[in-house]
Each structure stands twice: as structure tokens, then as C-alpha cells.
Novice: 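Before we start, here is the structure in question, set down as C-alpha cells.
For the numbers below, each heavy atom of this structure counts, side chains included, while hydrogens, waters and symmetry mates do not. Owing to the predicted nature of the structure, the values given are computational and were not obtained by experimental measurement.
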Amino acid sequence: MQVPAGNFLKRINYPSDLKQFKEVELEQVCNELRQYIIDVVSVNGGHFAASLGTVELTVALQYVLNTPYDQLVWDVGHQAYGHKILTGRREDFHTNRVYKGLSGFPKRSESVYDTFGVGHSSTSISAALGMAVASQYKGETDRQHVAVIGDGAMTAGLAFEALNHAGIENSNLLVILNDNNMSIDPNVGALKEYLTDITTSKPYNRFRDDIATVLAKISSMGPDAFKIAKKIEKSIKGTLLKRSNFFEALKFRYFGPVDGHDVKHLVKLLRDLRDIPGPKLLHCVTVKGKGYALAEKDQTKWHAPGLFDKITGEIKKTKHDKPQPPKYQDVFGHTIIELAEANPKIMGITPAMPSGCSLNLMMKAMPTRAFDVGIAEQHAVTFSAGLATQGLIPFCNIYSSFMQRAYDQVIHDVALQKLNVVFCLDRAGIAGADGPTHHGAYDLAYMRCIPNMTVSAPMNEEELRNLMYTAQQDNMGPFVIRYPRGNGVMVDWQRPMKAIPVGKGRIVCDGEEVAILSIGAIGNEAVKATANLNAEGFYPAHYDLRFVKPLDAALLHEVFQKFNHVITVEDGCLEGGMGSAVLEFMADNNYKAQVSRLGIADKVIEHGEQPELWAECGYDATGIAAQVKKFAIKRDNTHIIAS
């Protein structure tokens with residue numbers, strides 16, 4: 001749905017148009033940009049509060065910088081909607097996160113203004129530093145390089161590694177710390193406390209008001225004068241804060257904190273900072289959800305609220321006459337509390353996604369046994385390993401695509417030591433509108449190759465509960481449970497839990513000629529396909545493997561002894577996935593059958609709703625049925641008809 005832009009905004013297609021406005025007019029530009037984001041997201045959906053908080057910063061950056069020649073890198077990208085609107089995509093912004101439309105994140109193939117593809121946190125400083133060093137090497141000394149990173153993303157190890165490196169490079173790099181005390185959920189950790197101390201120190205803030213302008217003027221007097229001024233400023237800052245400045249200890253020039261919603265002051269600061277050499281950090285204090293009162297009040301809820309009435313603030317949810325199945329994440333959230341009440345060894349861990357994975361339920365019910373460790377997947381895994389060495393049973397809940405960031409820790413710290421850490425991989429498979437950075441396409445492949453690892457996937461909510469119950473039994477070792485984003489299929493899901501024999505699959509329905517082997521919740525598409533096929537006179541068998549490691553050898557022997565045509569179905573990559581495991585079993589045991597594998601092909605799958613992308617990949621109910629019909633024989637009451 002197209003939304004009209006304000007009088008100023010409709011004249012801006014690119015940053016060159018923005019530069020035609022007077023500085024006194026920028027506040028109105030900001031007002032119209034903020035309102036446009038509210039208008040569009042309210043009717044089309046998407047991430048919301050983060051971009052409202054960076055409107056003034058976005059306008060100031062595009063006003064001062066010479067983009068795309070100057071390189072602007074946004075961390076994660078939740079806050080980059082204003083950037084997209086000002087860089088040639090306003091007319092298409094209503095297609096944001098829609099199938100075949102604009103990506104919800106900056107993306108190099110989408111625009112030259114998107115200098116680096118993002119989606120996962122904490123990459124911006126490393127990327128911008130690489131660009132800055134490259135420019136220096138090529139002699140492009142006038143080129144600016146800016147990384148905009150939130151205080152939540154700053155907690156990740158990658159950000160610290162980049163700061164540590166950047167401090168010794170004499171490159172033209174500006175890091176802008178967008179400090180709103182939030183990621184998706186409220187920030188945690190010592191860095192949050194440190195930044196709060198800086199922003200609330202009155203003597204320090206009185207001192208720093210004009211420091212950027214002063215240093216810019218001194219820099220024109222020569223390098224010796226500039227070095228002396230830096231030493232004096234550093235000494236005064238340390239005295240006022242009663243501690244060393246963390247960023248200056250890493251050899252960054254630190255400026256701030258400043259009001260991230262004062263666009264005219266930001267323009268002045270950014271112009272001054274262009275003339276100061278070396279690595280610099282500008283600390284901007286912003287409000288996530290700025291300009292929309294409800295979003296300012298409940299920033300987690302309004303991170304990505306879906307469709308809503310922008311006047312009343314009512315979030316629009318589909319109304320149902322009958323009870324609906326729960327989200328898989330909520331099944332996890334309620335089940336871990338049930339298990340923890342019965343087993344005092346169970347602990348819960350998440351890296352900055354307590355609401356997204358529903359561990360917030362346990363954090364509220366059992367605050368001493370559930371931990372949000374910040375955006376720190378590597379730490380989350382090794383912290384869990386440490387808990388396990390002491391006889392505890394950590395349930396480490398990490399989105400499947402985020403677990404990729406902690407792969408070494410899974411192998412080195414958990415699997416090699418055979419520690420009983422339960423990895424609950426949420427958002428496994430096609431993740432939907434967040435697109436390729438968030439699709440959990442690879443976990444079956446990258447987990448099943450690790451020794452000592454059990455890898456499982458429930459087909460429904462009851463199976464998820466049973467696998468969680470199984471994983472906390474004695475001597476289970478490293479145990480993966482992967483499940484998708486979205487709702488399950490059972491209304492009556494809170495049934496008594498029971499242990500599942502590890503490596504044991506099940507038959508969903510018997511049949512003839514063709515066997516469908518599925519793993520995980522995508523098996524419900526196979527159930528739909530089978531029902532439709534039965535109505536047409538085709539009768540394939542359907543098996544739910546449950547485990548990709550160890551495989552159910554007895555079940556697979558039965559399948560290959562009975563069927564000449566086998567179709568594997570998985571919501572994951574074909575290379576190295578469940579279908580590959582089945583082919584390996586067939587080859588190792590000298591079976592000969594025609595095996596067709598359905599899953600994610602060796603290509604990047606873009607964003608869209610899950611059913612749209614399942615169909616594109618060919619493993620929705622329609623795609624499965626079409627594959628069965630290639631091998632099956634159609635039957636009616638009196639005849640057998642070759643398909």
C-alpha cells in the first residue's frame with residue numbers, strides 16, 4: 001500500500017536532493033521522515049521502533065556525507081529504514097520485507113548506498129575499518145567511513161575485536177554509538193552500566209559541549225598542537241569521570257555523549273569530525289521509538305509490532321473463533337519452566353533474545369536460573385559448557401542462524417568434552433520476512449557432522465516437549481533440538497511428557513510404492529500432501545525420522561527393503577542435510593532405490609512469508625505431492641492407473 005510523503009520528503013529521492021534544503025529546514029524533514037515510517041510500517045509491517053530512534057542521525061549523516069562515495073555502514077539494519085527512504089527507495093518502501101520486494105536490511109545488491117550487507121549484529125566496525133584501510137591503501141584520503149552501531153551490538157566480541165584493531169590503524173574511521181539502552185530487549189552487562197555513567201555525569205557533560213569544535217580548530221594549527229590538545233583533553237575527561245575512558249584506552253578519540261535527536265547539532269558535529277584525523281567515536285544518546293509515545297514506553301513490544309492502528313496504537317491480530325496452536329517458542333518457554341520445577345539442575349541461557357525465544361518466562365519465574373548474556377553467542381555456548389562441567393543442565397536457546405557465530409565453541413567447548421548442553425535452535429529452516437541472514441538453513445548439516453552430538457527436530461509441539469524432556473535425562477551429552485519460527489499444529493499440546501528413545505523415528509502412515517521421509521515440523525506439509533494424494537488415489541507412506549543423528553537404522557532398513565522410490569523432505573539445505581544422510585545410509589548398506597531430495601537448494605533464498613518460500617523451494621504440500629506423482633501409481637476402485 002502506497003503512502004503519501006510530506007511536502008519536503010516527497011522532494012527527496014536521493015541525498016543530493018536533501019542537501020538542497022537549508023539547515024533550519026532539517027527538523028521538518030525529520031518530522032516528515034518519522035511520520036512516513038509510522039504511516040508505512042503501520043499498514044505494511046516491519047521493524048519499527050529502532051528506525052524511529054535514528055531519524056535525526058540518518059538525516060544528518062546523509063546531509064553531511066558525500067554518499068555513496070563516503071562509506072556508511074549500518075549495524076544489523078533494524079534502524080536503517082530512514083536510510084532506505086532517503087536513498088532512492090521511497091517509492092518502493094511499501095514492499096519492504098514483502099516477497100520479491102525490498103529487503104528489510106541494507107543489501108549491497110539492492111543499492112549502491114548499502115555499502116555492506118547486514119542482518120546479524122556487531123559487524124559494522126570491522127567492515128567499515130576494512131573499507132577505511134582499503135581507501136588509505138588506494139590513496140583516497142578524502143573518503144569518509146562511518147559505522148553506526150547500537151549499544152546492544154557493542155557488547156558482542158566482534159565489535160571489541162574491531163575496536164582493538166582500529167585503534168592502531170591511522171585510518172579515517174568514525175564509529176557512531178547509537179546508545180538507547182536497548183537491543184530488542186533491554187541491554188544487560190557492565191558496558192551498559194559504564195555508558196549510563198557517562199551519560200549521567202553532569203560535570204563531564206558540561207565539559208564536552210564544545211570539545212569537538214575546539215579540536216577541529218586546533219588540528220589546523222599542526223600535528224604537534226593537536227597532540228598536546230588531545231593529551232590535555234584526555235586528562236580532564238579521566239578526572240571528571242573518575243576513571244579512564246574505555247574507548248580512549250583503545251586509542252579512539254571519544255566525543256559525547258550528545259543528543260541524538262538534535263539534528264542541527266549533529267550536522268555541526270559531523271562536519272567538525274570530518275577534519276579530525278584517525279579513529280573517532282561519537283556517542284549519541286537516542287530514544288528507541290522516538291516520536292511515537294507507545295513505542296517509547298514499551299520498546300520491546302514495538303520493536304516489530306506487525307500491523308497497527310497508528311492513531312489508537314491497537315496492534316491488529318487475526319481473531320479466531322476457536323483456540324489456535326501456540327508458537328513453538330512459547331512451547332519452549334512454558335516447557336522449560338515445567339522441567340526446571342522438577343529438575344533443579346536445569347538452567348536457561350539466551351544471547352539477547354529472551355522475548356524472541358520466550359526464555360523471558362523463565363527469567364521472570366526463576367530469575368536466578370535464567371540468563372540473558374547479551375549479544376554474545378560464543379560466550380553463551382562456553383558459559384553453558386562451564387555450567388555443565390558442574391553437573392548442571394543448561395538449555396542454551398539460540399536462533400539457528402545466530403548459532404553459526406558460535407560453531408567453534410560448540411565443537412571445542414561442548415562436543416569434544418561430551419558435555420550435556422541442550423541447544424534449542426529456534427527459527428530453524430525458512431525464517432520468513434527477515435530473509436537470508438535469518439534463515440536457519442544449515443544447522444542439520446553443520447551439527448550432524450560433529451562427533452558426540454545428538455541432532456533432533458520435532459514435528460509438533462508434543463514432540464518438542466518430549467525431546468526437551470529426553471535431553472535432560474542422564475548422560476545425554478550434547479543435544480540439539482531445532483524447531484521453526486511460528487505456530488505449531490496442536491491446540492491440545494500440554495500433554496504429559498515422556499522420553500523418546502534417542503535415534504528412534506516413527507511411522508506417520510503406511511503406504512505403497514513411495515515412501516516420504518521427513519524431519520521436523522515441515523513434516524506437517526507432508527501430512528497435508530498425503531491427505532490430498534489419498535483423495536486422488538495415491539497412497540504414499542510417510543515416516544518422521546525425528547533424529548538426523550543418530551539415524552534410525554531399523555526404520556531405514558525397513559524403508560529400503562520395501563520401497564523403490566524414496567522422497568526426503570527437510571526445511572534445510574540439501575547439501576549435507578537429512579537427505580544426504582539417507583543417501584549415505586543407502587550407499588553404506590548397498591541398497592538401490594530412486595531417492596529424490598526436497599529442501600533448500602544450493603542458493604540464497606530471499607525474504608517472504610514461509611509458505612511462499614516453501615513453495616519456491618518445492619517442498620510445500622503441493623511440491624511434495626507433485627514429486628510423489630512422478631513415481632506413484634494412481635488407484636481407483638477397479639483399476640490401477642500409471643501416473
Side-chain angles (χ1 to χ4, degrees), residues 3-19 21 25-65 67-68 70-97 101-107 110-116 118-119 124 146-150 176 178 180 182 259-264 266-267 270 282 284 286-292 295-296 299 302-304 310:
V3 173
N7 290 331
F8 282 9
L9 187 60
K10 68 183 180 183
R11 291 159 52 189
I12 303 171
N13 292 312
Y14 291 96
S16 57
D17 302 317
L18 175 64
K19 297 178 195 300
F21 287 86
E25 297 175 311
L26 294 182
E27 287 187 11
Q28 182 60 27
V29 172
C30 291
N31 292 338
E32 292 185 10
L33 178 58
R34 179 172 279 111
Q35 188 59 51
Y36 189 75
I37 293 171
I38 293 170
D39 291 345
V40 174
V41 175
S42 67
V43 296
N44 294 314
H47 294 104
F48 183 61
S51 285
L52 295 185
T54 57
V55 165
E56 287 79 12
L57 181 58
T58 301
V59 170
L61 284 166
Q62 296 292 1
Y63 193 73
V64 173
L65 296 178
T67 58
D70 289 338
Q71 302 284 279
L72 175 58
V73 183
W74 295 92
D75 206 275
V76 183
H78 290 152
Q79 77 282 52
Y81 284 7
H83 161 81
K84 291 202 170 209
I85 292 165
L86 295 178
T87 54
R89 286 165 280 184
R90 175 169 48 82
E91 290 295 320
D92 294 326
F93 189 62
H94 66 286
T95 70
N96 185 51
R97 291 167 53 88
L102 294 179
S103 169
F105 301 100
K107 187 175 182 180
E110 188 176 285
S111 171
V112 295
Y113 291 91
D114 293 355
T115 61
F116 199 74
V118 291
S124 60
V146 181
V148 182
I149 183 170
I176 297 179
N178 175 36
N180 59 24
M182 290 288 293
D259 181 359
H261 299 299
D262 185 342
V263 67
K264 289 186 288 187
L266 288 173
V267 166
L270 290 170
L282 176 62
C284 294
T286 63
V287 176
K288 187 173 182 179
K290 178 72 173 178
Y292 193 76
E296 292 184 32
Q299 296 166 332
W302 288 88
H303 174 73
K310 67 181 180 182

Novice: With sequence neighbours left out, write down each residue that passes side chain to side chain donor-acceptor pair (under 3.5 Å) with T286, or none if nothing qualifies.
Specialist: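 Counting only residues at least two positions away or on another chain, T286 forms a side chain to side chain donor-acceptor pair (under 3.5 Å) with N178.
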
Novice: Could you name each residue pair satisfying salt bridge (Lys or Arg N to Asp or Glu O under 4.0 Å) that touches residues 38-50, not counting sequence neighbours?
Specialist: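 Residue pairs with at least one partner in residues 38-50: D39-K310.
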
Novice: Run the salt bridge (Lys or Arg N to Asp or Glu O under 4.0 Å) test against R90 and tell me which residues pass, sequence neighbours left out.
Specialist: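 Salt bridge (Lys or Arg N to Asp or Glu O under 4.0 Å) list for R90, sorted by chain: empty.
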
Novice: Using ring pair (Phe, Tyr, Trp, His ring centres under 6.0 Å) as the criterion, list what pairs up with Y14, not counting sequence neighbours.
Specialist: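 Ring pair (Phe, Tyr, Trp, His ring centres under 6.0 Å) check on Y14 returns nothing, list empty.
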
Novice: Could you list the residues that satisfy salt bridge (Lys or Arg N to Asp or Glu O under 4.0 Å) with E110, not counting sequence neighbours?
Specialist: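 By the salt bridge (Lys or Arg N to Asp or Glu O under 4.0 Å) rule, E110 matches K84, R89.
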
Novice: For side chain to side chain contact (heavy atoms under 4.5 Å, CB included), just list the numbers for N180 and V287, CA-CA rounded to whole Å, side-chain angles, deciding distance to a tenth of an Å, and then say yes or no.
Specialist: CA-CA 5 Å; N180 59 24; V287 176; over 6 Å; no

Novice: With Q62, which residues qualify under side chain to side chain donor-acceptor pair (under 3.5 Å), at least two apart?
Specialist: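 Here the qualifying residues are T67, H83.
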
Novice: Considering residues at least two apart in sequence or located in another chain, which fulfil the side-chain contact (heavy atoms from CB on, under 4.5 Å) criterion with S51?
Specialist: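 Partners of S51 by the side-chain contact (heavy atoms from CB on, under 4.5 Å) criterion, ordered by chain and then number, come out as I37, Y81.
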
Novice: So among L33, I12, L9, which one has a side chain to side chain contact (heavy atoms under 4.5 Å, CB included) with L18?
Specialist: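 Running side chain to side chain contact (heavy atoms under 4.5 Å, CB included) over L33, I12, L9 with L18 returns exactly one hit, I12.
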
Novice: Mind checking salt bridge (Lys or Arg N to Asp or Glu O under 4.0 Å) for E25 and listing every partner two or more places apart, or none if nothing turns up?
Specialist: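 With sequence neighbours excluded, E25 shows a salt bridge (Lys or Arg N to Asp or Glu O under 4.0 Å) to no residue whatsoever.
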
Novice: Can you measure from CG (L282) to CG (L270) and round to the nearest 0.5 angstrom?
Specialist: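 Taking CG in L282 and CG in L270, the distance rounds to 6.5 Å.
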
Novice: Mind checking side chain to side chain donor-acceptor pair (under 3.5 Å) for S42 and listing every partner two or more places apart, or none if nothing turns up?
Specialist: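 For S42 there are no side chain to side chain donor-acceptor pair (under 3.5 Å) partners, ignoring immediate neighbours.
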
Novice: Per the salt bridge (Lys or Arg N to Asp or Glu O under 4.0 Å) rule, what does the pair list look like for residues 40-63, sequence neighbours excluded?
Specialist: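 The answer is R34-E56.
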
Novice: According to salt bridge (Lys or Arg N to Asp or Glu O under 4.0 Å), who are the partners of K264, at least two apart in sequence or on a separate chain?
Specialist: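 Only E27 meet the salt bridge (Lys or Arg N to Asp or Glu O under 4.0 Å) criterion with K264.
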
Novice: In sequence, state the C-alpha distance, the side-chain angles, and the governing distance for I149 and I176, and then conclude on side chain to side chain contact (heavy atoms under 4.5 Å, CB included).
Specialist: CA-CA 6 Å; I149 183 170; I176 297 179; over 6 Å; no

Novice: Apply side chain to side chain donor-acceptor pair (under 3.5 Å) to S124 and list each qualifying residue two or more places apart in sequence or on a separate chain.
Specialist: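 Result, side chain to side chain donor-acceptor pair (under 3.5 Å) vs S124: D75.
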
